[in-house]
Structures are given as structure tokens and as C-alpha cells.
Asks: 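Supplied in C-alpha cells, the structure appears directly below.
Since this is a predicted model, take the numbers as computed values, not measurements. Residue numbers start from 1 in every chain, and the chains themselves are labelled A, B, ... in the order their sequence lines are given, proteins ahead of strands. All heavy atoms count here, side chains included; hydrogens, waters and symmetry mates do not.
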Amino acid sequence: MHVIFKKLTKSFEETLLESLIKHEKKEEFEKIRKNLINHASKEEFGDYQCNICLVLSKIYKRNPREIANTFVKKLKENKNISYLCENLEIAGPGFINIKLKNNILIEEIKSNIKCPRAGVPLSNEKSKSGFPKKIIVDFSSPNIAKEMHVGHLRSTIIGDSIAKIFELRGYIVLRLNHIGDWGTQFGMLITQLKDLYSNDLKEIDKIKISDLVEFYKVSKKRFDNEIEFQYRSREEVVKLQNGEKKSIKAWKLLCNQSRKEFDEIYRRLNIKIKERGESFYNPFLKSIVNDLNYKKLLIEDQGAKCVFLDGMINKEGNPLPLIIQKKDGGFNYATTDLAALKYRFNKEPYGDNANRIIYVTDHGQANHFAAVFQVAQKANWIPENCEVNHVPFGLVQGIDGKKLKTREGETIKLKDLLSESVKKAKEDLIKRLDHESRNENDEFILNTSRVIGIGAVKYADLSQNRITNYQFSFEKMLSLNGNTAPYLLYTLVRISGIKRKNNIKEDNMNLESISFSHDLEWKLIRKLLKFDEVIISIEKDLMPNRLCNYLFELCQTFNRFYDQVSILKVEIDTKISRLKLCELTGKTLKLSLDLLGIESLERM
RNA sequence: GGGGCUGUAGCUCAGUAGGAUAGAGCAACGGUUUCCUAAACCGUAGGUCGUGGGUUCGACUCCCUCCAGUCCCGCCA
């Protein structure tokens with residue numbers, strides 16, 4: 001209904017301007033225009049509401065209801081408005097409640113039933129070249145030689161969902177995995193590798209990542225305790241940076257080992273992402289320093305080359321620096337992030353030609369990104385009409401409110417967490433099958449519990465407002481009640497059930513004769529028509545939990561309808577009308593679950 | 001010391017853009033099954049929206065004070 005909302009806003013704007021042409025207070029009216037009509041705060045008020053009469057009352061020093069009377073009279077003269085609206089009702093101190101005509105809603109519903117995107121319009125935003133805008137979503141980003149853990153879960157799931165929403169809207173989306181594949185830690189890893197496997201490095205193919213994680217720990221311990229090891233590790237870093245063959249080979253082997261494990265996780269989560277690690281930007285690091293220096297932003301302080309930041313100070317009250325080059329000449333993550341940002345905005349073939357870059361990382365990096373963005377701004381690396389967003393998110397906590405850990409106090413591995421969820425989903429399923437005396441084959445049980453288990457983990461994460469920390473609880477996320485994946489999946493299963501039992505052929509289900517009379521039908525229709533606006537709001541604010549909230553409400557509305565309204569045992573026209581509502585609900589739900597990265601089920 | 005974020009029902013959380021009586025789920029209590037999967041639905045109860053000010057016709061929402069929790073603050077990412 002986004003299009004109708006826009007049309008209506010425009011018509012209201014016209015009418016307002018017409019009625020105000022004799023008056024002068026233009027600046028105040030500009031403010032009013034921004035917020036002419038809103039969604040009704042409650043269903044009983046209608047579809048939209050207009051609150052400006054209360055504001056106008058102050059400006060004109062007249063009774064708001066009087067103003068509303070005059071304004072409504074004018075509005076009714078506007079043909080577009082009378083075409084769309086049933087009535088304009090003045091309520092309370094001077095609100096105007098707006099109700100759309102039934103036939104307008106039915107036309108919308110019909111058009112959404114035919115639309116493969118369930119009514120979501122393609123974005124009409126274009127870049128300068130006339131192509132759709134290009135959005136880079138930077139997410140997941142695990143580190144080589146370290147196991148992926150729950151910390152990577154949120155980034156991966158939220159990033160994937162945001163990317164999918166932009167794709168649905170017709171943008172060109174580049175999903176980038178900014179893997180930690182470079183840095184001083186490789187010095188110690190390679191040195192350890194050489195110590196253990198001699199210099200031929202053939203046997204490393206046999207190492208598994210779990211060993212590699214252990215391997216990392218051992219290397220770190222040696223690095224911290226053995227001076228001689230430390231010395232060789234530092235030498236190894238230099239060798240690696242100079243591109244010495246053996247060192248590069250060892251580095252690649254380490255990366256490959258890790259990649260295998262990452263890919264396995266992405267396969268299970270069904271995540272598509274392009275790997276482009278930090279090392280990709282190595283060739284551009286020097287030019288970052290040069291460019292900043294050329295633009296007179298670079299200041300040497302205590303041997304390090306820094307850009308000092310506005311509005312940020314350190315403990316001593318001095319301006320905070322962003323270190324671009326360390327005193328030993330090495331670069332750090334800030335430099336890499338700047339190089340990446342610059343490259344991504346650069347024109348092809350020397351860059352990605354992006355219009356918007358979205359970074360999905362934990363909230364702890366908020367300061368870091370604020371600093372990086374500020375420097376990029378100062379250096380003029382963010383082109384006109386382009387933007388960067390940091391999408392921060394809170395911690396995953398255990399039920400105790402502390403950081404999620406195993407009983408032994410270890411970080412929980414992502415693969416174990418997923419397996420656990422699937423296992424619990426399977427136990428629940430088997431219990432239920434037993435209880436209902438149902439017989440299902442192994443394939444059904446495996447697939448259903450997999451979809452529920454993985455879906456539950458994803459949904460639990462996405463349904464939270466990402467800013468806040470959230471408590472990870474298998475019991476809650478797998479619960480069949482409440483705002484959970486199983487509840488949504490069950491609603492879809494109900495719809496599939498109706499579809500199976502329906503004996504009218506698709507060809508005989510004519511859209512033209514649909515009509516509605518039941519209150520719950522209209523509630524469902526209005527809920528269905530809000531879908532596109534939810535998607536558009538997420539595109540702006542990058543809050544996927546809004547989609548989850550919407551879906552939960554949609555399912556609640558549908559389940560009430562399902563419970564109280566007969567669908568299959570009614571006369572033919574009513575039956576077709578109701579089946580069509582089921583169809584659109586199913587399509588919206590399935591499409592949305594896909595946007596959240598969750599698979600659907602026909603039966604469960 | 002500076003900065004970010006958070007504080008809403010017993011618990012876990014929603015609450016675009018300031019709008020009319022503050023919204024769910026869980027937990028508690030009660031009800032609904034000749035019917036499309038009851039994994040559902042309906043009802044009852046539960047709130048000084050951390051505190052105190054301010055702006056406004058109107059504040060959970062915007063501004064300031066304070067309190068509590070948490071994260072970040074120079075060569076790790």
C-alpha cells in the first residue's frame with residue numbers, strides 16, 4: 001500500500017497548499033508537510049490519520065476542530081482523495097481519521113496476488129549511470145585459524161537478511177566477507193608450522209580446523225613465553241610481507257584449511273558470500289598513507305602516523321588519533337578499512353563502484369567505524385550521493401545474562417550450537433509424532449528438524465532489535481508459541497493443508513468475483529497490504545526485526561481468521577475469495593522467511 | 001575522565017515519524033476441538049515507561065540533570 005500512501009500524501013499536500021496560499025507562514029508549513037499523514041495508531045481509527053490540525057490550531061490560534069472541519073471540506077473536494085477514501089472523520093481534539101474504500105483495498109489485494117514479490121515495488125533509485133544502485137554488505141568476517149563462534153552468528157545472519165532485502169528491491173548487491181586473513185599473528189602460526197612439520201609443509205593438508213584452533217593457542221603461548229620463537233615469528237612476518245614463496249605457501253595453506261570450515265558453516269546456514277579478505281587491500285595501503293599525507297591530514301606522533309579526530313578525545317583529554325601507520329612502519333586494521341572503503345567506492349575497474357556500504361559488526365566497533373568514516377569524509381573518499389552505514393549489534397548472552405559460554409567456560413562453537421538446535425528440534429518432533437501416533441519416514445524427520453532447528457536460531461536472532469544484547473535460549477526459540485520460527489512455520493503448514501484439501505482447480509479460481517464481508521477477512525487484508533511498507537522501512541533503517549514483528553502479527557491475524565472463519569465449507573465465491581487470501585498470506589510468509597534466510601515447510 | 005549503547009508488566013522483549021485508553025510472548029488462572037495440523041484460538045490478571053526537570057495543545061518517543069548496567073577510548077581486529 002506504499003503507493004497509495006504516497007498518492008494520498010501528495011493529494012493532502014496539494015489541498016493543504018491550496019488552502020494556505022493566502023497565508024504566509026511558509027517555514028512552519030514546510031515542517032507540517034513532512035508529517036502530513038501517518039498510519040493510524042489503532043486499527044479502529046481507520047487506515048491513516050492526519051494530525052496537522054492540532055499544529056495549525058496553534059499557528060492560527062483557532063479551535064483545532066474548527067480547522068479540521070474546514071480542512072476536511074476542502075479535502076473532500078479533491079477528486080483523488082474522494083476516489084481513494086471512504087470517509088474522513090474528525091475525532092478527538094481534531095484528528096482526521098482516514099479510511100480507504102473497500103474496492104481500493106480489493107484492487108490492491110488482487111494486484112498483490114498476481115505479483116511475485118507480494119506487492120513489494122522495485123526501487124526506482126538509480127545511480128548516476130542510470131543503473132540500479134549498488135549496495136555492498138560487509139558481514140560475517142571470521143578470522144583465519146580461529147573457529148567461528150556465536151559472535152559471528154549475528155553478523156552473518158543479519159548481514160545475509162539485509163542483503164536479501166536489498167536484492168528483492170532490485171538493487172545490485174555485493175556481499176563481502178572481509179576475512180581476517182592478514183596480520184602479525186601469521187608470523188607465529190607459520191613459525192610453529194615450520195617447527196612441527198619441518199620445511200616441506202606437505203603434511204599440513206591433514207590438519208583439521210579444530211586442530212588449527214588448538215594450534216593457534218599453542219603458537220600464541222609459545223609467542224608469549226619464548227623469546228627466540230618471538231624473534232623468528234617477527235622475521236616470518238617480514239618474509240610474508242615480502243612475499244617469500246615458502247611463507248606465502250604456508251599462509252595459503254592456513255587460509256585454505258580455515259576456508260573449508262567456514263564454507264561448511266555457510267553451507268549449513270545457506271549463506272552466499274564472496275570472500276575478499278583483508279589481504280586483498282594490501283597493495284593499496286601505501287597509497288592511503290600517501291593520499292592522506294598529500295591532503296595534509298597525516299600527523300606524526302610518537303613515531304606513528306596518525307589522523308587526529310574531531311570530537312573524540314582520549315583519557316588525558318587530548319584529541320584521539322586514528323593510527324594509519326605504526327612506528328615500525330606496519331599497517332593496522334584502520335588502514336585496511338580505509339583502503340577497503342576507498343576501493344569499494346572507486347570506479348571500476350579499480351574499485352567496486354558502490355553507492356552504499358553497510359558494515360555489519362558488533363557494537364564494540366562503533367567508535368572504530370565512526371573514526372574511519374570521519375577520516376574517509378575528510379579525505380573526500382565518500383562520493384556525492386553515496387553513504388556508509390555501520391549496522392551495530394549487541395552481544396549474544398546466556399540465560400544468566402553473561403556472555404554465552406559452555407559449562408566449562410569455553411567459547412561455544414557455531415557448528416556445535418547449530419547441531420544442538422537441530423537435535424532438540426528433532427527430539428520435540430519425535431515426541432509429537434509419537435503423541436499424535438503419526439508415522440513419518442526418516443527423511444521427513446531429518447529435514448523437518450533441520451529446517452526448524454536452523455530456522456529457530458536465525459529467527460531468534462533476527463527478531464530481536466539488533467542494538468540490544470539478547471539472551472540465547474533454545475527453549476524459547478524452539479517454542480511452538482510466541483514470536484518464533486516454529487510458530488510461523490506452523491502457520492505456513494496450515495495454509496499448505498488448506499491448499500491440499502481444496503478441490504477447485506486453479507483455472508476455475510477467478511480473481512474477478514472475489515468479495516469479502518467478514519471482519520476478520522478485512523483485518524487480514526489490511527495486514528497483508530502493509531507488507532511493502534515494512535520492507536521499505538527496513539531498507540532505510542536496516543532493522544530486520546521489523547519484518548519479524550510484522551510476520552508474527554500477520555500470523556496471529558491469519559490464525560484468528562483460520563480459527564473463526566470457515567474456508568473450505570462455504571459457497572463457491574466465498575470459498576475462492578478466502579482461498580485467495582490464504583494464498584497471498586502463504587506467499588507473503590514464504591517470501592519473508594526467505595528474506596530472513598529461513599527455509600519453508602509444507603508439513604511439519 | 002571522555003564517548004557509545006541500554007534501562008518499558010514477575011521474566012524475555014516490541015513500540016517508524018511526538019498523538020487518542022501503553023503492546024506482545026512466556027509464566028499464572030479460566031474457557032474453546034462432529035470442521036482445513038489444538039504446535040491453534042478466546043478470556044482474566046499484571047505498568048509511577050530508571051529518576052528529576054524542560055520543550056509542546058500533546059512525550060515511552062525530542063533536550064538537559066542524575067542513578068544503574070554494559071562496551072569502547074594510541075600502535076590487536
Asks: Could you measure between the two C1' atoms, the one in B/U56 and the one in B/C72, and give it in whole Å?
Replies: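 Looking at atom C1' only, B/U56 and B/C72 are 36 Å apart.
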
Asks: Between protein and nucleotides 40-45 of chain B, map the contacts as a letter string: B base, S sugar-phosphate only, - none, heavy atoms under 4.0 Å, written 5' to 3'.
Replies: SSS---

Asks: Angle between ring planes, A/Phe373 versus A/Tyr359, binned at 30° and 60°: parallel, tilted or perpendicular?
Replies: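 Answer is tilted, since the angle falls between 30° and 60°.
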
Asks: Go through the structure and list residues passing side chain to side chain contact (heavy atoms under 4.5 Å, CB included) with A/Asp301, not counting sequence neighbours.
Replies: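 Counting only residues at least two positions away or on another chain, A/Asp301 forms a side chain to side chain contact (heavy atoms under 4.5 Å, CB included) with A/Cys306, A/Phe308.
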
Asks: Mind checking the P distance from B/C67 to B/C76? Whole angstroms is fine.
Replies: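 Pairwise P distance, B/C67 against B/C76, rounds to 35 Å.
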
Asks: In whole Å, what is the span from the CZ atom of A/Arg62 to the P atom of B/C57?
Replies: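 Result: 17 Å.
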
Asks: Tell me whether the rings of A/His39 and A/Tyr48 are parallel (<30°), tilted (30 to 60°) or perpendicular (>60°).
Replies: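 The arrangement is tilted - the two ring planes meet at 30° to 60°.
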
Asks: Please measure how far the P atom in B/C75 lies from the corresponding atom in B/G10, and state the result in whole Å.
Replies: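 Result for the P pair: 45 Å, nearest Å.
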
Asks: How would you list, by chain and number, every residue that makes a salt bridge (charged side-chain N to carboxylate O under 4.0 Å, His left out) with A/Lys523, sequence neighbours excluded?
Replies: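 A/Lys523 satisfies salt bridge (charged side-chain N to carboxylate O under 4.0 Å, His left out) with A/Asp519 once adjacent residues are dropped.
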
Asks: With sequence neighbours left out, what residues match A/Asp434 under salt bridge (charged side-chain N to carboxylate O under 4.0 Å, His left out)?
Replies: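 Residues passing salt bridge (charged side-chain N to carboxylate O under 4.0 Å, His left out) with A/Asp434: none at all.
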
Asks: Tell me, please, which residues at least two apart from A/Asn389 pass side chain to side chain contact (heavy atoms under 4.5 Å, CB included).
Replies: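 Testing A/Asn389 for side chain to side chain contact (heavy atoms under 4.5 Å, CB included), a comparison that skips the adjacent residues, returns A/Arg356, A/Ile358, A/Glu387, A/Leu542.
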
Asks: Report the distance from atom CD of A/Glu475 to atom C1' of B/A27, rounded to the nearest whole Å.
Replies: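 Atom-to-atom, A/Glu475 to B/A27, this comes out as 11 Å.
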
Asks: Below the 4.0 Å mark, does B/U37 have OP1 or OP2 next to a side-chain nitrogen or oxygen of A/Lys501?
Replies: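 Yes, within the criterion.
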
Asks: Remember a base hit wins even if backbone is also touched, and classify A/Leu568 as base, sugar-phosphate or nothing at under 4.0 Å, heavy atoms.
Replies: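 Base contact.
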
Asks: Both atom distances under 3.5 Å, Watson-Crick or G-U wobble: I'd like the secondary structure of RNA chain B as a dot-bracket string, with | for pairs made across strands.
Replies: (((((((..((((.....[...)))).(((((.......))))).....(.(((..]....))).))))))))....

Asks: Quick one: A/Leu56 CG to B/G58 C1', roughly how many Å, whole number?
Replies: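 Atom CG in A/Leu56 sits about 15 Å away from atom C1' in B/G58.
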
Asks: Just checking A/Ala370: base, sugar-phosphate only, or nothing, at a heavy-atom cut-off of under 4.0 Å?
Replies: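 No contact at all - A/Ala370 keeps every heavy atom at 4.0 Å or more from the nucleic acid.
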
Asks: Using the aromatic ring of A/Phe552 (for Trp, its six-membered ring), decide whether it stacks on the base of B/A24 within the limits of 5.5 Å and 30°.
Replies: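 No; by the centre-distance and plane-angle rule, A/Phe552 does not count as stacking on B/A24.
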
Asks: Protein-nucleotides 71-77 of chain B N/O pairs closer than 3.5 Å?
Replies:
from  : atom 1 : to       : atom 2 : distance (Å)
B/C72 : O2'    : A/Asn367 : ND2    : 3.1
B/C72 : O2     : A/Asn367 : ND2    : 3.1
B/G74 : N1     : A/Asp301 : OD2    : 2.6
B/G74 : N2     : A/Asp301 : O      : 3.2
B/G74 : N2     : A/Asp301 : OD2    : 3.0
B/C75 : O2     : A/Lys327 : N      : 3.1
B/C75 : N4     : A/Gln302 : O      : 2.9
B/C76 : OP2    : A/Lys326 : NZ     : 3.1
B/A77 : OP2    : A/Tyr333 : N      : 3.1
B/A77 : O3'    : A/Glu278 : OE2    : 2.4
B/A77 : N7     : A/Tyr333 : OH     : 3.0
B/A77 : N6     : A/Tyr333 : OH     : 2.7

Asks: Specify the glycosidic conformation (syn or anti) of B/A17, with syn defined as within 90° of 0.
Replies: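 This nucleotide is in syn.
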
Asks: NZ of A/Lys426: more than 12 outside heavy atoms within 6.0 angstrom?
Replies: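 It does not: A/Lys426 NZ has 12 such atoms or fewer within range.
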
Asks: Under 6.0 Å from the NZ atom of A/Lys326, do we count more than 12 heavy atoms belonging to anything else shown?
Replies: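 Buried by this count: over 12 neighbours within 6.0 Å.
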
Asks: Which is true for A/Lys42 with a 4.0 Å heavy-atom rule: it touches a base, it touches only sugar-phosphate, or it touches nothing?
Replies: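 The residue A/Lys42 makes sugar-phosphate contact but no base contact.
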
Asks: Rounding to the closest angstrom, what is the interatomic distance between B/C11 and B/G30 at atom P?
Replies: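 After rounding to an integer number of Å, I get 23 Å for this pair.
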
Asks: Heavy atoms only, 4.0 Å cut-off, all strands: where does A/Val565 land among base, sugar-phosphate and nothing?
Replies: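 Touches a base.
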
Asks: For atom CD of A/Glu427, decide whether the heavy atoms of other residues, nucleotides or ligands shown that lie under 6.0 angstrom number more than 12.
Replies: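 Result for CD/A/Glu427: enclosed.
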
Asks: Give me the distance, rounded to whole Å, that separates B/C62 from B/C29 when you measure between the C1' atoms they each carry.
Replies: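 After rounding to an integer number of Å, I get 41 Å for this pair.
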
Asks: Kindly check if the number of other-residue, nucleotide or ligand heavy atoms within 6.0 Å of CG (A/Asn439) is above 12?
Replies: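 No.
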
Asks: Can you tell me which residue pairs pass the salt bridge (Lys or Arg N to Asp or Glu O under 4.0 Å) test with a partner in residues 538-564 of chain A, sequence neighbours excluded?
Replies: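 Qualifying pairs, neighbours excluded: A/Arg169-A/Glu539, A/Lys527-A/Glu553, A/Asp541-A/Arg546.
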
Asks: Does A/Asn97 reach a base, just sugar-phosphate, or nothing at all? Heavy atoms under 4.0 Å.
Replies: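 The answer is base, as A/Asn97 lies within the cut-off (heavy atoms under 4.0 Å) of a base atom.
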
Asks: Can you check the A/Ile67 CD1 to B/C57 C1' distance for me, whole Å?
Replies: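 In whole Å, B/C57 C1' and A/Ile67 CD1 are 11 Å from each other.
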
Asks: Scan for side-chain hydrogen bond (donor to acceptor under 3.5 Å, both in side chains) pairs involving residues 463-472 of chain A, sequence neighbours excluded, and state none if there are none.
Replies: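 Matches after skipping sequence neighbours: A/Asp461-A/Tyr470.
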
Asks: Is the distance from the ring center of A/Phe558 to that of A/Phe561 below 6.0 Å?
Replies: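 Yes, the ring of A/Phe558 comes within the 6.0 Å limit of the ring of A/Phe561, centre to centre.
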
Asks: In whole angstrom, give me the gap between the C1' atoms of B/U55 and B/G43.
Replies: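 Those two atoms are separated by 42 Å.
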
Asks: Side chain to side chain contact (heavy atoms under 4.5 Å, CB included) with A/Ser473: which residues, sequence neighbours excluded?
Replies: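 Applying side chain to side chain contact (heavy atoms under 4.5 Å, CB included) to A/Ser473 gives A/Ile399, A/Glu475, A/Lys476.
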
Asks: Would you please name every residue forming a side chain to side chain contact (heavy atoms under 4.5 Å, CB included) with A/Arg62, sequence neighbours left out?
Replies: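 With neighbours one apart ignored, the set is A/Tyr60, A/Glu66, A/Ile67, A/Thr70.
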
Asks: Using a 4.0 Å heavy-atom cut-off to protein, can you give one letter per nucleotide of nucleotides 11-19 of chain B, 5' to 3': B if the base is in contact, S if only the sugar-phosphate is, - if neither?
Replies: -SSSSBBSB

Asks: For atom P, what is the distance between B/G4 and B/A9, given to the nearest Å?
Replies: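 Result for the P pair: 25 Å, nearest Å.
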
Asks: Say we look at B/A38 and B/A22: how far apart would their P atoms be, to the nearest angstrom?
Replies: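 Rounded to whole Å, the distance is 35 Å.
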
